Structures are given as C-alpha cells and as structure tokens.
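See below for the structure under consideration.
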Amino acid sequence: MPTLTDATIKRVKEGVAAAGDRAVRNTIEEILNRLEAINQGHPEPRINATVRRCALRSLIHALFRVRVEHLERIPPKPAILAVNHLHHIDPFLLLAEIPTQPHYYFLGDARTLYNKWWKRFILRLAGGVVPLERIWKEEVAVIAAAKAGQQELVELAAEIEKTVPTGGDIQTLRKIDRIILGILTHGDGIVLFPEGRLGATEGKLHLPLKRGTVMYALRAGVPIVPIALVGTHDLYLGKELAIRVGEPLYFSPTTRPKRQEVDAALETLQNAILTLLPIDYQEPKEIKLFRSFLNHILW
C-alpha cells in the first residue's frame with residue numbers, strides 16, 4: 001500500500017472529483033462508444049499516426065534526450081507492445097518513437113487521461129486511446145486506513161466507494177475485451193502495461209503481471225513485443241530516457257486459452273522484460289531543472 005502523505009490525499013481527492021465530473025464521464029462514454037463501433041466497421045476518427053508521432057517527438061525531444069535500442073524488432077503488422085510503467089509520460093514517449101504502421105492505441109487510466117479540459121480536448125481530437133476505468137491503489141489505501149480506524153479519512157473513503165468505478169464489473173471488462181480484440185483484428189496494434197499500475201522503482205517490475213496481455217495475444221493470434229523503459233520514473237529537463245525493444249514473442253493462437261498456456265506465456269513475457277531492464281540502475285547526479293513541473297504535468 002502507498003504511504004498516505006498529504007500529497008497522496010490531495011491526489012485522491014482530485015481523483016474522486018474527476019470520477020464525479022460529468023464532463024469526464026461523458027468523454028469516457030463517448031470514446032468507448034467510438035471504439036466499440038470499430039467492430040461494426042466504423043473506424044474511429046483519429047489524427048494521422050505520422051502527424052501524431054512528429055508532434056509528440058518534437059515535444060519530447062525538446063525536453064529530454066531519448067535513446068532507442070532495436071526499434072527494428074517491432075514487426076510491421078498488428079502486435080501488442082508490453083511495457084513496464086514508471087510515469088504517466090510513458091505512452092507518449094513510446095508513441096513519439098515507435099513505427100506509425102500499424103497505428104498503435106494505448107490503454108490508459110481514464111481519470112488520469114481526462115481529468116483536465118485540455119487533456120480531453122487533445123485526446124478526443126487525436127484518438128488512439130482506450131480509457132480504462134479503475135480504482136487507484138491510493139484510493140484502496142484510503143479505504144483500508146479508514147476501516148483501520150483513521151477517522152479523518154472515513155468521509156473520503158465513503159465518497160470513493162460511492163463515486164469511483166472499480167473497473168472490475170463484468171460489463172466493463174467485456175467491453176474493453178471487445179474493443180482491444182477489435183483493434184487487433186482490424187489491423188492495428190496496442191500498447192499495454194502488464195504491471196497494471198505505475199511501478200515505484202527503476203529496473204523493477206511490479207509482480208505478478210496481469211494476465212490480460214497474453215490473453216489478448218493468444219486470442220488474437222498476434223505477437224507480443226517486450227519493451228523496457230528506463231529513466232522515466234523521475235523526470236527533469238535534459239534527462240536521458242531509454243526505450244529498449246526485445247525480440248517479438250510468438251505463441252500458438254487459441255480462442256479459449258487454458259490456464260497452463262496463459263501462465264507459461266506470462267512467465268516468458270515477464271522474463272523477456274526483466275532481461276531488458278537495468279540490473280543496478282543509478283539516478284544521474286546532475287542538476288534537475290523543472291523536476292517538479294515535469295513529474296506532475298500529466299497528473
């Protein structure tokens with residue numbers, strides 16, 4: 001469980017406010033309906049992938065030094081990019097560097113994506129995002145602390161339970177399944193973060209990995225490309241960020257994966273990502289300009 005600092009409590013209150021915001025709710029519903037229509041032959045309105053890449057690349061490279069290793073390993077066909085997750089900037093860093101064909105979507109936390117008006121405007125225009133509604137680990141910690149007797153958190157915990165979707169209901173899960181499989185079936189790719197949350201330490205994976213990544217790969221018959229991001233946990237101007245691409249992983253497709261098949265594929269994926277991560281990462285000792293601003297701009 002994360003430590004409940006004043007900053008954490010503030011973040012939780014902002015998250016609860018976003019969960020109850022009608023503009024946020026309407027945007028999530030609109031985007032999910034757009035994406036579900038892909039299965040009926042109605043392509044999602046979205047910005048050209050080359051334009052998206054150029055815009056993001058210009059911004060990212062103005063702020064950071066980026067090193068990409070073995071980009072050629074990403075196949076020119078539908079695939080799942082499975083990536084460790086350290087910061088909210090991760091999907092944008094990836095989209096600034098990966099190939100534009102196929103067009104890659106990414107699955108991201110809905111409230112983090114749409115909690116500000118300017119984010120809603122840009123992402124509604126750009127497309128390429130699958131918003132996932134879920135309860136945050138910080139919110140779970142608040143509920144647990146309230147139940148353990150921290151009276152000052154009781155009201156906030158009640159508001160979380162009343163307002164925040166857990167993301168675990170069958171209807172929501174089935175909708176996300178249909179959308180992701182539709183994206184892959186229609187020739188596009190998707191970026192997934194199998195840890196299911198932000199990691200807390202460079203060079204480490206939050207285990208166990210979520211099973212969804214390999215389930216989608218097995219059912220859609222597409223490869224998984226393991227990718228490691230290095231350096232994004234703590235950002236500052238001019239920092240070097242690395243994207244390390246592993247060899248694609250191919251599995252025998254099946255419409256009804258057995259648990260043994262899923263577990264074996266998940267272990268293979270886990271080992272592939274761990275191989276790409278640094279063994280003993282050390283944060284650079286240099287001047288860290290705009291550190292607070294860059295670490296919080298996408299909150």
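Heavy atoms only: backbone and side chains are in, while hydrogens, waters and symmetry mates are out. All values derive from a computational prediction rather than experimental measurement.
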_Heavy-atom donor-acceptor pair, E195 side chain to H85 backbone, under 3.5 Å_ = yes
*Step through the shown structure and confirm whether more than 12 heavy atoms of other residues, nucleotides or ligands are within 6.0 Å of NZ on K288.*
yes
*For E97 and V66, which heavy atoms make the closest approach, and how far apart are they?*
OE2-CG1, 3.8 Å
*State whether the side chain of R46 and the backbone N or O of A126 hold a donor-acceptor pair below 3.5 Å, judged by distance alone.*
no
*asked:* Tell me the closest heavy-atom pair linking L181 and A220, and the distance in Å.
replied: CD2-CB, 4.1 Å
*For Y250, does the OH atom have more than 12 heavy-atom neighbours from other residues, nucleotides or ligands under 6.0 Å away?*
yes
_Check: E161 side chain, A158 main-chain N or O, donor-acceptor pair, under 3.5 Å_ = no
*Would you name the heavy atoms of P102 and P75 that are closest together and state the gap between them?*
CD-O, 4.2 Å
*Yes or no on side chain to side chain contact (heavy atoms under 4.5 Å, CB included) for L81 and I98, after CA distance, side-chain angles and deciding distance?*
CA-CA 10 Å; L81 308 187; I98 62 177; 3.8 Å; yes
*Answer yes or no: is there a donor N or O on one side and an acceptor on the other, between the side chain of E139 and the main chain of W136, under 3.5 Å?*
yes
Compile the donor-acceptor pairs under 3.5 Å between side chains in residues 13-24 and protein atoms, sequence neighbours left out, one pair per line.
from : atom 1 : to  : atom 2 : distance (Å)
E14  : OE2    : K10 : NZ     : 2.8
D21  : OD1    : A23 : N      : 2.8

*Charged N to carboxylate O under 4.0 angstrom, E283 versus K239?*
yes
_Considering all heavy atoms, the nearest L86-L198 contact_ = C-CD2, 3.7 Å
*For N84 and L205, indicate whether the former's side chain and the latter's backbone hold a donor-acceptor pair under 3.5 Å.*
no
*Please walk me through it: do R134 and T166 pass side chain to side chain contact (heavy atoms under 4.5 Å, CB included)?*
CA-CA 5 Å; R134 59 184 176 183; T166 64; over 6 Å; no
*Let me see the working for H87 and H233 under side chain to side chain contact (heavy atoms under 4.5 Å, CB included), right down to the final yes or no.*
CA-CA 6 Å; H87 196 279; H233 184 258; over 6 Å; no
*D188/K77 ion pair, N-O < 4.0 Å*: no
*List the atom of L209, the atom of H206, and the distance in Å for their closest heavy-atom pair.*
CD2-O, 4.0 Å
*Does the ring center of F106 lie less than 6.0 Å from the ring center of F92?*
yes
*So, R73 side chain and V245 main chain: donor-acceptor pair closer than 3.5 Å or not?*
yes
*Side-chain donor-acceptor pair under 3.5 Å between T255 and R219, yes or no?*
no
Below 3.5 Å, can you tabulate the donor-acceptor pairs from side chains in residues 170-177 to any protein atom, sequence neighbours excluded?
from : atom 1 : to   : atom 2 : distance (Å)
T172 : OG1    : D169 : OD1    : 2.8
T172 : OG1    : D169 : OD2    : 2.8
D177 : OD1    : Y216 : OH     : 2.5

*What about V130 and I89, same hydrophobic cluster or not, with Ile/Leu/Val/Met/Phe/Trp/Tyr joined at side-chain heavy-atom distances under 4.5 Å?*
yes
*Under the salt bridge (charged side-chain N to carboxylate O under 4.0 Å, His left out) criterion, do R25 and E29 qualify, and how do the steps go?*
CA-CA 6 Å; R25 304 290 316 152; E29 183 178 1; over 6 Å; no
*Considering non-hydrogen atoms only, spot the tightest contact between V222 and P78 and give its length.*
CB-O, 3.7 Å
*Measuring from I183:CD1 to Y104:OH, what's the distance to the nearest 0.5 Å?*
12.0 Å
*So R67 and E240, salt bridge (charged side-chain N to carboxylate O under 4.0 Å, His left out) or not? Walk me through it.*
CA-CA 7 Å; R67 187 177 78 253; E240 181 177 272; 2.4 Å; yes
*Is a side-chain donor-acceptor pair under 3.5 Å present for W299 with N115?*
no
*asked:* If we ignore hydrogens and angles and just use 3.5 Å, is the side chain of H42 paired with the main-chain N or O of I38 as donor and acceptor?
replied: no
_CD/E286: more than 12 non-hydrogen atoms of other groups inside 6.0 Å_ = yes
*Is E138 salt-bridged to R11, going by a charged N under 4.0 Å from an acidic O?*
no
*H61: what forms a ring-ring contact (aromatic ring centres under 6.0 Å, His included) with it, not counting sequence neighbours?*
none
*Polar contact flag, side-chain donor to acceptor under 3.5 angstrom, Y114-R124*: no
*Working for side chain to side chain contact (heavy atoms under 4.5 Å, CB included), residues L241 and V230*: CA-CA 6 Å; L241 311 178; V230 183; over 6 Å; no
*Is a side-chain donor-acceptor pair under 3.5 Å present for H103 with Q101?*
no
